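Computed from a predicted model, the values in this text were never measured in an experiment.
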Amino acid sequence: MDAKTYTTALAELRTLRDDIKKARAALAKLEAERGRRIVLLAEHDKAKADRIAPAAGLAVIEVVALVPSLGPAVPASGPDAPSPAPALPNDHAAPQTPAQEITASGAVVPDLRRTDQDAGVPESVEQVDPSQTSAAAVMSAAEEDQEQDLKGDLQTTPVVTVPTKEVPEVERELPSIPVGPDGDRWFAVTPNLTSTRPNFTQQARAMAFLDTTTGVLVHRDQTVRVQLGAASVAEILAAVYAVLPATVERIYITAGDPWHADAARHPFLRDAVAAWLNAPPGDGWTVEASRGKDRMAGHLVHPRNPVGRWQRGEQHTEIRSVGEWFEVGDADPATVRDAFVELWKALKIQWSDVTLMGSPSQTGRDLWTRTIPAKTGAKWADGYPVMSEEIRGLMHATAGQGRTELILPPNVPEQLPRLVELDRTFAYAKHTWASGVGAPRRITPQAFAAMSDKEKTNALYAPSHWQVRVTVPDGWEHVGILPAPTAGDRAWEYPSQGGRTFVTWAGGAELNVALNNPIAPWRIEILDGLVWQSGDPLKAWSKKLKDAWSLLQSKAELHGDERGREAARLASRGVRSILLYGIGGFAQRPRIVTGTVPVGQDAPDGAQIIGIDDEMIVWQKGSGFSRDPNAHPEWSAGVWSGARAALLSTRMREDDVSVGALHLPAYSVVAFRTDAIYTTADVAWPYHGNPGDYLKKGHIPWELTGPRTEDELLSHQAIGREALAEMQEATR
């Protein structure tokens with residue numbers, strides 16, 4: 001089947017999808033009626049969840065979720081605090097000052113764009129890689145010609161005019177800094193808490209690699225096949241340690257996703273994962289409770305890449321998904337093992353004391369600490385200070401991550417003439433050149449208004465985070481530039497309706513794009529701001545990772561053996577994950593504590609029940625921010641802001657060309673996915689294989705219906721990559 005036939009079959013599949021939606025709607029009505037009857041039954045004085053559950057065809061925990069009064073009591077006090085588990089991606093922030101409606105006028109940012117006659121560069125830019133500022137200059141004649149060429153290429157596409165429509169009210173308000181001295185006190189560092197270079201070497205953990213679909217188990221040079229039954233936790237632990245020594249402390253699942261085995265019985269994948277992790281491990285195993293310098297305790301319930309931790313006496317083990325590091329594809333466990341070996345060897349060149357830890361995030365932060373200056377008298381040799389908990393909480397609540405957006409008609413045509421995927425190579429590595437260090441300086445509207453134009457420019461180009469009132473220009477017909485909060489936990493949208501005004505927080509890099517983009521400047525009013533001293537705490541770390549990545553990329557291209565090429569390619573993706581998740585790790589989300597108590601015993605005050613069976617209750621509870629010496633959300637926010645800005649507009653100075661979504665025709669951008677743009681414009685932007693360069697990664701060269709859901713976009717992505725590979729193969 002070729003790619004075009006595949007697309008036709010997908011259209012037929014959508015018809016089936018619609019039928020399924022109708023069936024699901026009918027099922028939803030029945031389930032709603034079941035829920036109503038369960039609630040009625042719960043009004044009986046002697047109603048019990050374990051009696052109602054089998055009658056309803058539900059698990060006990062599902063009945064308790066519908067009627068919490070049927071669950072175990074939650075007292076004012078509980079058992080001793082358990083060991084914290086790693087933070088989840090959707091953790092809630094620590095309590096912040098409540099959001100208040102902002103009615104006061106801000107300081108309007110004037111037109112600070114420099115003309116060709118302007119001789120100077122802002123002082124703060126002298127220490128910053130200019131390619132990261134993402135502030136596009138006024139388009140040159142050559143760029144205007146390029147823009148016209150792109151528009152001419154799409155003249156056969158019907159131009160869709162966005163009608164005036166009611167803008168939905170933003171349902172989530174972001175926190176603000178208190179006015180006056182109460183807020184000024186936030187602008188400090190946490191006493192006696194700094195990031196310092198470690199004086200110890202991490203302990204290496206022996207690894208094994210297991211394919212739960214085939215039972216193939218690899219450890220060092222040993223390859224065996226084990227019988228796993230249903231691949232429960234108990235069966236995996238029993239099978240693995242029947243053939244491997246107890247010194248193996250980390251089992252990576254390379255294929256099979258056994259934690260999804262009962263997914264059909266649960267409304268959400270996370271529930272299925274929690275049930276799998278919390279099933280009895282058997283043979284003397286219990287959930288791990290001890291902690292060390294590099295050891296976490298308890299389970300991490302993640303829908304796709306969970307982590308389970310158990311102990312048996314002095315023996316400890318983890319079961320993890322290798323998907324944390326890279327997508328395995330068809331690679332067997334032996335190739336995955338070789339990829340970890342290649343990864344370690346490449347990093348060993350850069351760090352003599354490298355140890356691969358359980359996750360790329362842990363590994364990334366550990367390697368970063370080993371680049372902190374240690375020479376007496378060097379700047380920051382005493383460590384990088386950690387900001388106040390209030391500012392860390394504010395950054396957590398107001399600094400979004402990568403831009404993920406699916407644009408629907410009428411903002412794109414119903415039928416697309418083509419679909420092109422443009423992906424930024426190793427993108428985050430491009431935005432680690434300069435970061436804010438120390439306690440930030442507060443810039444109020446009054447302080448900003450009193451600045452000279454040069455001082456305003458310096459502040460906007462410095463590492464910074466701003467609360468602003470934004471107005472989209474009238475007649476704006478392109479994608480949105482600045483994020484605005486929308487309904488849902490940590491959810492963002494990118495308003496593009498001309499004339500719309502909203503209040504948000506954004507990094508300096510994004511504000512510069514809004515002010516200096518090649519189409520029309522946006523109106524920005526400064527309501528509050530944080531400006532840091534510029535430093536380069538991530539520069540050495542990032543450069544070492546880039547060098548390791550480049551080495552592995554070369555190996556992947558030149559290796560004479562197919563398995564060796566694939567191992568090197570996977571290892572290069574592992575380096576990318578170390579950088580990507582290492583940066584995310586600096587954000588320090590609030591921690592979630594997990595624990596268990598026997599049925600009949602009370603859970604801690606404020607705990608949420610996430611699992612229950614005949615013997616044990618599993619609960620979780622937020623515990624706020626820990627005293628983490630490596631908590632630097634200002635660095636994560638700066639990288640994320642720079643990457644989002646470069647997705648819209650950035651300058652390739654060596655080629656004298658501007659690239660990004662705002663340099664594509666209006667109504668041609670179909671979607672954003674962190675580092676990638678999906679567009680109907682087939683552009684030929686320069687590509688040198690450097691971090692931040694746009695690589696054409698997929699291309700559907702025929703007319704198609706645009707994606708309407710995330711799943712459809714991923715399907716189009718797969719088709720486009722396959723079609724591009726076929727085209728490239730045909731031209732060789």
Side-chain angles (χ1 to χ4, degrees), residues 1-22 146-166 403-423 475-480 493-498 519 647-648 659-673 676-685 694-728 730:
M1 178 183 292
D2 59 23
K4 193 166 186 177
T5 304
Y6 185 42
T7 306
T8 303
L10 279 176
E12 297 170 352
L13 189 58
R14 291 191 184 102
T15 302
L16 181 60
R17 174 199 64 191
D18 293 339
D19 292 339
I20 292 173
K21 285 182 179 178
K22 293 176 183 177
Q146 181 190 37
E147 184 83 358
Q148 292 301 319
D149 290 343
L150 291 174
K151 290 178 180 176
D153 187 45
L154 289 182
Q155 285 178 351
T156 57
T157 305
V159 178
V160 179
T161 302
V162 180
T164 303
K165 57 184 178 181
E166 182 180 352
R403 179 170 181 169
T404 301
E405 182 183 18
L406 181 61
I407 302 172
L408 303 174
N411 294 318
V412 291
E414 291 278 353
Q415 291 294 117
L416 309 181
R418 66 186 69 82
L419 186 62
V420 177
E421 178 188 4
L422 302 169
D423 185 72
W476 182 265
E477 294 186 340
H478 220 296
V479 297
E493 63 177 353
Y494 294 82
S496 60
Q497 300 90 350
I519 301 171
L647 205 59
L648 297 170
V659 298
L662 293 178
H663 299 276
L664 297 171
Y667 309 117
S668 70
V669 177
V670 176
F672 294 99
R673 278 183 63 81
I677 302 171
Y678 295 82
T679 175
T680 58
D682 187 10
V683 293
W685 288 338
Y694 278 95
L695 171 68
K696 182 190 283 189
K697 208 167 184 178
H699 186 186
I700 300 177
W702 55 83
E703 185 175 332
L704 69 157
T705 302
R708 300 292 182 266
T709 65
E710 186 76 2
D711 286 344
E712 287 184 9
L713 177 62
L714 293 175
S715 175
H716 285 31
Q717 177 195 80
I719 295 169
R721 291 180 180 181
E722 179 185 346
L724 180 62
E726 290 177 359
M727 287 187 285
Q728 291 172 338

Pairing residues for K697 by the side chain to side chain contact (heavy atoms under 4.5 Å, CB included) criterion, not counting sequence neighbours: E421, D423, R721
Partner of H716 under side chain to side chain contact (heavy atoms under 4.5 Å, CB included), chosen from L416, L704, D711, T705: L704
Ring pair (Phe, Tyr, Trp, His ring centres under 6.0 Å) against Y678, all qualifying residues, sequence neighbours excluded: none
Contact summary for P707 and L408, nearest pair of heavy atoms: O-CD2, 3.7 Å
Check: R418 side chain, T680 main-chain N or O, donor-acceptor pair, under 3.5 Å: yes
Sequence-distant partners of E722, side-chain hydrogen bond (donor to acceptor under 3.5 Å, both in side chains), two or more places apart: none
Contact check, side chains of V412 and V669, non-hydrogen atoms, under 4.5 Å: no
Check against side chain to side chain contact (heavy atoms under 4.5 Å, CB included), K696 and D682: CA-CA 9 Å; K696 182 190 283 189; D682 187 10; 2.6 Å; yes
Distance-minimising heavy-atom pair for N411 and Y667: O-CD2, 3.4 Å
Student check: side-chain heavy atoms of L406 and E712 closer than 4.5 Å: no
Which atom of L713 lies closest to which atom of A671, heavy atoms considered: CD2-CB, 3.7 Å
Straight-line distance of I677 CD1 to L664 CG, nearest 0.5 Å: 6.0 Å
Closest non-hydrogen atom pair, G480 against S496: N-CB, 3.6 Å
Donor-acceptor under 3.5 Å (T679 side chain, S668 main chain): yes
Residue list, side-chain hydrogen bond (donor to acceptor under 3.5 Å, both in side chains) with E726, at least two apart or on another chain: none
Closest heavy-atom pair and its distance - P701, H699: CD-O, 3.4 Å
Under the side-chain hydrogen bond (donor to acceptor under 3.5 Å, both in side chains) test, residues paired with E710 that sit two or more places apart: R673
Residue pair W476 / I519, side-chain heavy-atom distance below 4.5 Å: yes
Sequence-distant partners of T404, side-chain hydrogen bond (donor to acceptor under 3.5 Å, both in side chains), two or more places apart: none
Residues F672, L648; criterion side chain to side chain contact (heavy atoms under 4.5 Å, CB included); working and verdict: CA-CA 10 Å; F672 294 99; L648 297 170; 4.2 Å; yes
